A.B. asks: 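Pasting a structure here, questions to come.
Proteins get letters first, then strands, A, B, ... in listed order; numbering begins at 1 in each. All values below come from the heavy atoms of this structure, side chains included, with hydrogens, waters and symmetry mates left out. Predicted, not measured: the structure shown is a model, and the values here were computed from it.
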Number of protein chains: 2
Amino acid sequence: MTTASELRDAALREFASAGYLGTSIQAIADRAGVSKASVLYHYTSKEALLDAALSPAIEQIGAILPRTVQLSGTDEERRDFLVRFVDLLLEHRLAAQIFITQSGALIDVPVVARAQVLIREIAEARPQQTVDDQVRFAVALGGAAYLLAQAGSYGVQAAPDDTQLRDSLIRILGELLASVTPA
Amino acid sequence: MTTASELRDAALREFASAGYLGTSIQAIADRAGVSKASVLYHYTSKEALLDAALSPAIEQIGAILPRTVQLSGTDEERRDFLVRFVDLLLEHRLAAQIFITQSGALIDVPVVARAQVLIREIAEARPQQTVDDQVRFAVALGGAAYLLAQAGSYGVQAAPDDTQLRDSLIRILGELLASVTPA
DNA sequence: ACGCTAACTGACCGATCGGTCAAATCCTGA
DNA sequence: TCAGGATTTGACCGATCGGTCAGTTAGCGT
């Protein structure tokens with residue numbers, strides 16, 4: 001683990017739990033065991049640190065964007081897309097949590113704006129949506145992210161293990177999106 | 001409109017769009033057309049202002065808490081509960097948005113802690129839940145709140161009108177929660 | 001052993017924020 | 001008209017934050 005990657009990881013956790021505005025550079029430095037000045041040596045600014053923490057998740061989200069059409073396909077195609085999507089959410093659950101909870105307050109930050117554009121592109125990838133379709137999709141996306149955020153912030157509370165959560169989430173999102181109007 | 005209620009309304013909007021930490025007392029004062037000192041005359045602190053802005057929503061949420069058992073009842077009972085719940089979300093959509101997006105970063109604020117306890121009580125009101133049940137409920141709750149938050153932050157974009165959104169949301173949440181295991 | 005560069009740090013700066021306070025102004029009832 | 005409380009305000013304070021900078025330490029090729 002290089003210092004830079006440790007800082008990126010510490011920032012990701014801190015931003016997710018306390019919020020970007022609620023996180024001081026000093027707090028990130030403390031978590032990583034270095035000085036505040038050292039943080040700003042590796043990253044030119046607090047915003048650059050947010051960018052570094054979120055970019056990996058954004059790139060992978062962008063990579064599966066072309067597959068969104070599978071949602072209007074057969075049951076197998078839809079399930080295939082959902083498996084990739086849920087796995088991606090699980091892998092980058094902290095980044096997803098930051099997106100969902102703070103994208104509104106951080107629209108002026110470039111990396112967040114890019115993520116918002118991506119999410120909107122995913123939502124609008126399928127043509128001639130009914131209101132029901134939009135609601136199904138928004139509930140599925142927001143609900144999944146909220147679930148993972150809550151599961152992550154369960155302190156003592158017993159949270160279901162990831163594999164169980166994954167299976168259940170894939171199944172239920174599948175049901176939720178099964179009745180979208182075909183393209 | 002008294003000055004106090006105008007300030008409470010301005011604070012609610014500002015907290016929802018920019019976040020509690022991202023909102024300065026000066027910004028609330030500007031929105032309401034008064035001075036910063038005047039804000040602190042009507043409310044003893046920024047935290048008191050948040051409390052005043054969120055309390056009405058919390059009280060109504062607490063009022064429907066006993067009806068949560070209807071989720072395990074007949075289809076009509078469940079629909080009846082969902083109608084009340086969705087209407088409550090629509091009426092207090094800004095407060096709901098603040099809860100969902102910032103409760104994690106604001107757990108040390110008493111009013112937010114109270115809200116979190118309420119939500120947890122609602123989620124745990126039904127006995128012997130399976131993982132699927134938990135997932136369904138979390139997706140429904142978080143998804144609905146996310147949808148309203150997004151619909152509220154649509155600037156130019158055409159957002160579906162409230163009645164259409166209400167009908168669709170009630171129907172789809174009903175489907176989502178229809179297959180929870182009976183008590 | 002030397003020199004060079006990357007890594008790191010404490011001290012400091014300007015700006016902003018939440019909150020206080022004394023004074024000014026407004027409003028109302030007698 | 002006027003006394004007195006309610007309301008409003010500008011000036012100010014201490015604390016915190018993001019960021020800068022000069023200087024120190026650590027590692028490494030020669």
A.B. asks: Near DNA chain D, which residues from residues 27-39 of chain B have a heavy atom under 4.0 Å away?
C.D. replies: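 When residues 27-39 of chain B is checked for heavy atoms under 4.0 Å from DNA chain D, the hits, listed by number, are B/Val34, B/Ser35, B/Ala37, B/Ser38.
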A.B. asks: Using side-chain hydrogen bond (donor to acceptor under 3.5 Å, both in side chains) as the criterion, list what pairs up with B/Thr44, not counting sequence neighbours.
C.D. replies: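 With neighbours one apart ignored, the set is empty.
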A.B. asks: Nearest-Å distance, CG (B/Leu40) to P (D/dA11)?
C.D. replies: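 Rounded to whole Å, this separation is 17 Å.
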A.B. asks: Is a donor from one side chain sitting under 3.5 angstrom from an acceptor on the other, for B/Thr163 and B/Asp161?
C.D. replies: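 The answer is yes; a qualifying pair exists.
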A.B. asks: Does the B/Tyr43 side chain pair with the main chain of B/Ala4, one donor and one acceptor, at a distance under 3.5 Å?
C.D. replies: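 Pair found, side chain donor or acceptor close to backbone of B/Ala4.
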A.B. asks: Any ring pair (Phe, Tyr, Trp, His ring centres under 6.0 Å) involving residues 11-37 of chain A? Give me the pairs, sequence neighbours left out, ordered by first then second residue.
C.D. replies: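 Counting only pairs at least two positions apart or across chains, the ring pair (Phe, Tyr, Trp, His ring centres under 6.0 Å) contacts touching residues 11-37 of chain A are A/Phe15-A/Tyr20.
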A.B. asks: Residues two or more places apart in sequence or in another chain: which of them pass side-chain hydrogen bond (donor to acceptor under 3.5 Å, both in side chains) with B/His42?
C.D. replies: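 For B/His42, no residue satisfies side-chain hydrogen bond (donor to acceptor under 3.5 Å, both in side chains) once neighbours in sequence are set aside.
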A.B. asks: Salt bridge or not between A/Arg114 and A/Asp51? Use side-chain N to carboxylate O under 4.0 Å.
C.D. replies: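 Salt bridge: yes.
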A.B. asks: Between A/Thr2 and A/Ser5, do the side chains contain an N or O donor and an N or O acceptor separated by less than 3.5 Å?
C.D. replies: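 Distance-only check passes for A/Thr2 and A/Ser5.
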A.B. asks: Rounding to an integer number of Å, can you tell me how far A/Gln26 CD sits from D/dA15 P?
C.D. replies: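 Those two atoms, CD and P, are 17 Å apart.
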A.B. asks: Can you sort out the partners of A/Asp108 under side-chain hydrogen bond (donor to acceptor under 3.5 Å, both in side chains), two or more places apart, ordered by chain and number?
C.D. replies: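 Per chain and number, A/Asp108 pairs via side-chain hydrogen bond (donor to acceptor under 3.5 Å, both in side chains) with no residue.
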A.B. asks: Under the side-chain hydrogen bond (donor to acceptor under 3.5 Å, both in side chains) test, which residues partner A/Glu59, sequence neighbours left out?
C.D. replies: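 Result, side-chain hydrogen bond (donor to acceptor under 3.5 Å, both in side chains) vs A/Glu59: none returned.
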A.B. asks: Using OP1 and OP2 only, check whether a side-chain N or O of A/Tyr41 sits under 4.0 Å from C/dC8.
C.D. replies: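 For A/Tyr41, the contact criterion (side-chain N or O under 4.0 Å from OP1 or OP2 of C/dC8) is not met.
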A.B. asks: Remember a base hit wins even if backbone is also touched, and classify B/Thr23 as base, sugar-phosphate or nothing at under 4.0 Å, heavy atoms.
C.D. replies: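 Contact class for B/Thr23: sugar-phosphate only.
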A.B. asks: Nearest of D/dG19, C/dG19, C/dA7 to any side-chain atom of A/His42?
C.D. replies: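 Taking heavy atoms from C-beta onward, the closest nucleotide is C/dA7.
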A.B. asks: Could you give the CG-to-P distance, from B/Leu21 to D/dC17, as a whole number of Å?
C.D. replies: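 Interatomic distance, CG of B/Leu21 to P of D/dC17: 11 Å.
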A.B. asks: Would you tell me if any nitrogen or oxygen in the side chain of B/Thr3 comes within less than 4.0 Å of OP1 or OP2 on D/dT8?
C.D. replies: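 Yes, within the criterion.
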A.B. asks: Any salt bridge linking A/Arg84 with A/Asp87? Criterion: basic side-chain nitrogen under 4.0 Å from a carboxylate oxygen.
C.D. replies: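 No, A/Arg84 and A/Asp87 are not salt-bridged.
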A.B. asks: Strictly by ring pair (Phe, Tyr, Trp, His ring centres under 6.0 Å), give each pair with a member in residues 91-112 of chain A just once, sequence neighbours left out.
C.D. replies: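 For residues 91-112 of chain A, and leaving out neighbouring residues, there are no ring pair (Phe, Tyr, Trp, His ring centres under 6.0 Å) pairs at all.
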A.B. asks: The criterion is salt bridge (Lys or Arg N to Asp or Glu O under 4.0 Å); which residues satisfy it with A/Glu121, sequence neighbours excluded?
C.D. replies: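 For A/Glu121 there are no salt bridge (Lys or Arg N to Asp or Glu O under 4.0 Å) partners, ignoring immediate neighbours.
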A.B. asks: Could you list all N or O pairs between the protein and nucleotides 25-29 of chain C that sit under 3.5 Å apart?
C.D. replies:
none

A.B. asks: Counting only non-hydrogen atoms, which of residues 44-54 of chain A are less than 4.0 Å from DNA chain C?
C.D. replies: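 Per residue number, the list is empty: none.
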A.B. asks: For a quick check of understanding: with a heavy-atom distance under 4.0 Å over all strands, which category does A/Ile25 fall into, base, sugar-phosphate or nothing?
C.D. replies: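 Sugar-phosphate only.
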A.B. asks: Applying salt bridge (charged side-chain N to carboxylate O under 4.0 Å, His left out) as the test, list every pair that has at least one member in residues 31-49 of chain A; sequence neighbours left out.
C.D. replies: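 Passing the test, one end in residues 31-49 of chain A: A/Glu14-A/Arg31.
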A.B. asks: Can you list, by residue number, the residues of residues 9-16 of chain B that have a non-hydrogen atom closer than 4.0 angstrom to DNA chain C?
C.D. replies: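 Correct list: empty, so none.
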